[in-house]
Amino acid sequence: MTTAKPQLSLYNTLTRTKAPFVPMDANNVRMYVCGPTVYDFAHIGNARPVIVFDLLFRLLRHVYGADHVTYVRNITDVDDKINARALRDFPDLPLNEAIRRVTEKTETQFLSDVKALGTLDPTHQPRATDNIAQMQALIAALIERNHAYVASGEVLFDTQSMPDYGQLSGRNLEDNLAGARVAVEAHKKNPGDFVLWKLSADNEPGWDSPWGRGRPGWHIECSAMSERYLGPIFDIHGGGLDLIFPHHENEIAQSRCAHGSQAMANVWMHNGFLQVEGQKMSKSLGNFVTINDLLQTGALGGQAWPGEVLRLAMLMTHYREPIDFSARRLEEAEAKLRDWQRAARETSPQAEIAPDADVLLAIADDLNFHRASVALDALARRANRGEAEAGEALAASLHFLGFTLSSALTSDDGWEPPAHIATAIAARLDALNARDFDKADAIRNELAEQGIALLDYKDDQGQRQTKWEVKR
RNA sequence: GGCCACGUGGCGGAGUGGUUACGCAGCGGAUUGCAAAUCCGUGUACUCCGGUUCAAUUCCGGACGUGGCCUCCA
């Protein structure tokens, strides 16, 4: 069954409007999203762009073909916060070794956290430290073109050399000056100039360069890695709202000035921020929640949550809107997911059922997940009324959106309970047939305390039967 | 101080210049020995004040509120 591919439209921060998406090359649609700095557990705010752009990745793969989309999400493994963490956690090790321990451990943790959220692996996940040469080449090009200069051992980007600097964030250099919070450093030509390369002390990580042994500034990493994997101009660049300025603004400045191009990416997308239980998330308020906390502990709502529940809780709100993350929200997401999963009908892999057209249309409309969820609700209702096709379309749609078909163990899926529970269920059925309801209810209550829910029904012959399910 | 978002019923949340979706919870009904699951039905909202308009929740302006950025925080 072939369905028409929906036309995508995406909101572009650069133009502040939603517009139809037209890739530069439909055979290779290219997207870059800023990834984590690996010095600590990723928090749930970090999870949002990961989930949002995974949804977009899935849509692009559906529309243009899985082999025609390249998605790059970097790993920032050189950063002063990492150095600080390395010194704190491994004071007895040589710095390089300590840094390696911190970044490897954090990266592994990040990848497993993110996997639990039902995300596909990006096509490439480059590390900053594997791209130092590319950064240096970019810096050299900027110096060559008079967009950067050396001062006091730093290489700085000359913001004044770019007339339309500030396009993305809609601010000009004067606005920034007015803030008076930008440190005025004597060696900078303009206060807004930012570091491309800085010298390292002996006890800091560094790489040899034409400008001395040093390390890259933060912004240059993404310019270098996106160019390496996607070319000087690509389709979509994503990240959190807070990255618009200065990070993305500076990426644009670097890439455009180094290449003499009119754009770095055609579409810039930014996800909104989230709060936790009505307050901004911060360590001092004690409501700092990591992805791992949610998956493994009872930090929010007193229980651990499946990754796909977190995924749904995140997607319930449009990606550009603010989210107030809460236990109640997770509960609602879990209930909703269970409803869909109960109604979905698994099909054989050969069936190739397409996701529901309304679901695709909604997602194609600037990732309107909530509208898609309305379509899923409608499918679930039809499936529960007995329309098999609706159940199959629901299953295909859930799969497309990155959800599994069952987050609980159920008798419908062929799950067999432990022997003593199976015995209890059989005993209860006997009691029911003997109309000993007190005994039957007692057994049911007992099982409920163990998290096993029973569902009675009558089969075609009018015989009492029982289904069961347990939370995974 | 500058720049940028957002403010819809108990909760979540879409959308629209003219009757405000949808979901959860609540309530009523069907079904059930009773439940559960499921189905059917159902009440309540567009922060405030101006302006434009025949008509604004929707457009414009202002106020208030919340959040973000202006230092490397998604």
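So you know, we letter chains A, B, ... as the sequences are listed, proteins then strands, and number each from 1.
- One donor-acceptor pair, N or O on each side, does fall under 3.5 Å between the base of B/G33 and the side chain of A/Asp441.
- Side-chain proximity of A/Phe245 to B/C69, B/A14, B/C39: nearest is B/C69.
- On the P atoms, B/C40 is 31 Å away from B/G7, given to the nearest whole Å.
- With hydrogens and angles ignored, the 3.5 Å screen pairs no side-chain donor or acceptor of A/Gln134 with any backbone N or O of A/Met225.
- Remark: P of B/A5 and CE of A/Met269 are 17 Å apart, rounded to the nearest angstrom.
- For B/U71 and B/A55, the P atoms lie 48 Å apart once the distance is rounded to whole Å.
- Residue contacts shown for A/Ser373 are absent, as no nucleic acid heavy atom lies under 4.0 Å away.
- Side-chain proximity of A/Asp339 to B/A36, B/U38, B/G12: nearest is B/U38.
- When the C1' atom is used for both B/G23 and B/G9, the distance is 13 Å, rounded to whole Å.
- Using a 4.0 Å heavy-atom distance criterion, A/Leu243 is classed as a sugar-phosphate-only contact.
- For A/Lys81 and A/Tyr39, the positive end sits near the middle of the six-membered ring, less than 6.0 Å away and at most 45° from its axis.
- Comparing B/C6 with B/U42, their C1' atoms sit 32 Å apart, to the nearest whole Å.
- The six-membered or imidazole ring of A/His248 lies near that of A/His237, with a centre-to-centre distance under 6.0 Å.
- Residue A/Glu334 contributes atom CD, which lies 16 Å from atom C1' of B/A25 at whole-angstrom precision.
- Using a 4.0 Å heavy-atom distance criterion, A/Asp79 is classed as a sugar-phosphate-only contact.
- A/Arg215 comes within 4.0 angstrom of nothing in the nucleic acid, heavy atoms only.
- Between A/Ser161 atom OG and A/Asp193 atom CG the span is 8.0 Å, to the nearest 0.5 Å.
- As judged by a 4.0 angstrom heavy-atom cut-off over every strand, A/Gly217 is placed among residues making no nucleic acid contact.
- The separation of B/G62 from B/U44, taken at their P atoms, amounts to 35 Å, rounded to a whole angstrom.
- Ion pairing of A/Asp456 with A/Arg428 is present here, as a side-chain N (NZ or NE/NH1/NH2) and a carboxylate O approach within less than 4.0 Å.
- A/Pro36 comes within contact range of no nucleotide atom at all, as no heavy-atom separation falls under 4.0 Å.
- Residue order along RNA chain B, read from the 5' end via each residue's closest nucleotide, puts A/Asn384 first among A/Asn384 and A/Leu274.
- As judged by a 4.0 angstrom heavy-atom cut-off over every strand, A/Asp377 is placed among residues touching the sugar-phosphate backbone only.
- Counting non-hydrogen atoms under 4.0 angstrom, A/Lys336 reaches the backbone sugars and phosphates but no base.
- Between B/G23 and A/Arg381, a contact under 4.0 Å exists linking OP1 or OP2 to a side-chain N or O.
- Spacing between B/U66 and B/A25 at atom C1', rounded to whole Å, works out to 25 Å.
- Aromatic ring centres of A/His318 and A/Phe369 lie farther apart than the 6.0 Å criterion allows.
- A/Gln275 comes within 4.0 angstrom of the backbone, heavy atoms only, and of no base.
- The partner of B/C11 is B/G23, by the rule that a Watson-Crick or G-U pair needs both atom distances under 3.5 Å.
- For B/A74, the base is stacked against the aromatic ring of A/Phe273, per a cut-off of 5.5 Å between centres and 30° between planes.
- Among the protein residues, A/Arg328 comes within range of the nucleic acid bases, having at least one heavy atom under 4.0 Å from a base atom.
- Relative to the side chain of A/Pro322, the nucleotides B/G12, B/A37, B/C6 differ in distance, and B/C6 lies closest.
- With distances taken from any side-chain atom of A/Lys280 to the nucleotides B/C73, B/G67, B/A14, the minimum falls on B/G67.
- The pairing partner recorded for B/C39 is B/G29, the criterion being a Watson-Crick or G-U wobble arrangement whose two distances lie under 3.5 angstrom.
- When distances are taken from the side chain of A/Met281 to each of B/A21, B/A74, B/C39, the shortest belongs to B/A74.
- Taking side-chain N and O atoms only, A/Lys467 has no distance below 4.0 Å to OP1 or OP2 of B/U38.
- The partner of B/A5, taking Watson-Crick or G-U wobble pairs whose two distances both stay under 3.5 Å, is B/U66.
- Proximity of a side-chain donor or acceptor of A/Arg213 to a complementary backbone N or O of A/Ala201 within less than 3.5 Å is detected.
- Taking CG of A/Asn271 as the start and CE of A/Met314 as the end, the distance is 9.0 Å to the nearest 0.5 Å.
- The residue among A/Val374 and A/His318 whose nearest nucleotide of RNA chain B lies closer to the 5′ end is A/His318.
- In the set B/A74, B/C39, B/G12, B/A74 carries the atom at the smallest distance from any side-chain atom of A/Asn271.
- Counting atom types as modelled, A/Glu321 pairs no side-chain N or O with a base atom of B/G13 as donor and acceptor under 3.5 Å.
- B/C34 atom P lies 17 Å from atom CG of A/Leu429, rounded to whole Å.
- Between the side chain of A/Arg444 and the base of B/A35, a donor-acceptor pair under 3.5 Å is found.
- When both distances must be under 3.5 Å, the Watson-Crick or G-U wobble mate of B/G61 is B/C49.
- Rounded to a whole angstrom, the distance from the C1' atom of B/A36 to that of B/A30 is 15 Å.
- Nearest nucleotide to the side chain of A/Arg435, out of B/C73, B/G15, B/G33: B/G33.
- Nearest nucleotide to the side chain of A/Asn46, out of B/A74, B/U38, B/G23: B/A74.
- Within 4.0 Å of A/Gly239, counting heavy atoms only, lie sugar-phosphate atoms of the nucleic acid but no base atom.
- Using a 4.0 Å cut-off between charged side-chain N and carboxylate O, A/Arg381 and A/Asp377 make no salt bridge.
- Using atom C1' as the reference point in both B/U57 and B/G13, the two lie 15 Å apart (nearest Å).
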